[in-house]
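Following: one structure in structure tokens, then a few remarks.
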Amino acid sequence: QVQLVESGGGSVQAGGSLRLSCAASGTTYGRYFMAWFRQAPGKEREGVAVIYAGTYYADSVKGRFTISQDNAKNTLYLQMNSLKPEDTAMYYCAARPVVGGVFPAVRQLAAEEYNYWGQGTQVTVSS
């Protein structure tokens with residue numbers, strides 16, 4: 001059973017930084033794509049960043065956000081710098097098992113491709 005628990009959200013002024021963490025259990029002996037998504041009120045959930053063999057970012061966060069993972073701690077991170085008010089959202093950690101076949105990069109930030117989700121952590125950026 002995969003469980004994901006996010007932490008690290010909060011309120012910050014524009015231009016500031018936050019680091020989100022996602023503690024994962026049940027993924028130790030498997031291979032998973034790990035990703036961050038976000039959802040603002042009234043908007044669809046959007047992919048932010050994904051990591052497996054490499055990393056892939058949404059254009060809106062490229063150069064500002066960095067996804068990483070510590071396998072020894074089973075923890076996924078999202079370092080967010082130069083935050084903007086439009087980054088305000090609930091941020092979710094997600095996992096998808098690696099299966100055979102090609103998983104195109106363009107699909108790696110699609111919410112429907114992921115099987116497991118955390119409860120989310122709120123990020124609020126004020127101007």
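Given the structure is predicted, the values throughout are model-derived calculations rather than measurements. We count residues from 1, following the sequence as given.
Under the 4.5 Å side-chain heavy-atom criterion for ILVMFWY residues, a single connected hydrophobic cluster contains both Tyr116 and Val48. Hydrophobic clustering places Phe65 together with Leu18 (ILVMFWY residues linked when any side-chain heavy atoms are closer than 4.5 Å, directly or through intermediates). Hydrophobic cluster membership is shared by Ile51 and Tyr32, with clusters built from Ile, Leu, Val, Met, Phe, Trp and Tyr side chains linked at under 4.5 angstrom. There is a path of hydrophobic side-chain contacts, each under 4.5 Å, that joins Ile67 to Val61.
In this structure, Lys62 pairs ionically with Asp59, as a charged nitrogen and a carboxylate oxygen lie closer than 4.0 Å. A salt bridge links Glu112 and Arg107; the closest N-O separation between the charged side-chain nitrogens and carboxylate oxygens is under 4.0 Å.
Counting all heavy atoms, side chain and backbone alike, Gln122 lies closest to Thr124 at NE2-OG1, 3.5 Å. Taking both residues in full, the closest heavy atoms of Pro85 and Ser126 are given as CG-C, 4.5 Å, listed atom of the first, atom of the second, then distance. Nearest heavy-atom pair, Trp36 versus Leu20, reported as atom, atom and distance to 0.1 Å: CH2-CB, 3.7 Å. Leu78 and Ala49 get closest at one heavy-atom pair: CD1-CB, 4.3 Å.
No side-chain donor-acceptor contact under 3.5 Å links Gln79 to the backbone of Thr66.
In the hydrophobic clustering, Tyr52 connects to Phe33, Phe37, Val50, Tyr56, Met90, Tyr92, Val98, Phe103, Leu109, Tyr114, Trp117, either directly or through intervening members, whenever side-chain heavy atoms lie under 4.5 Å apart.
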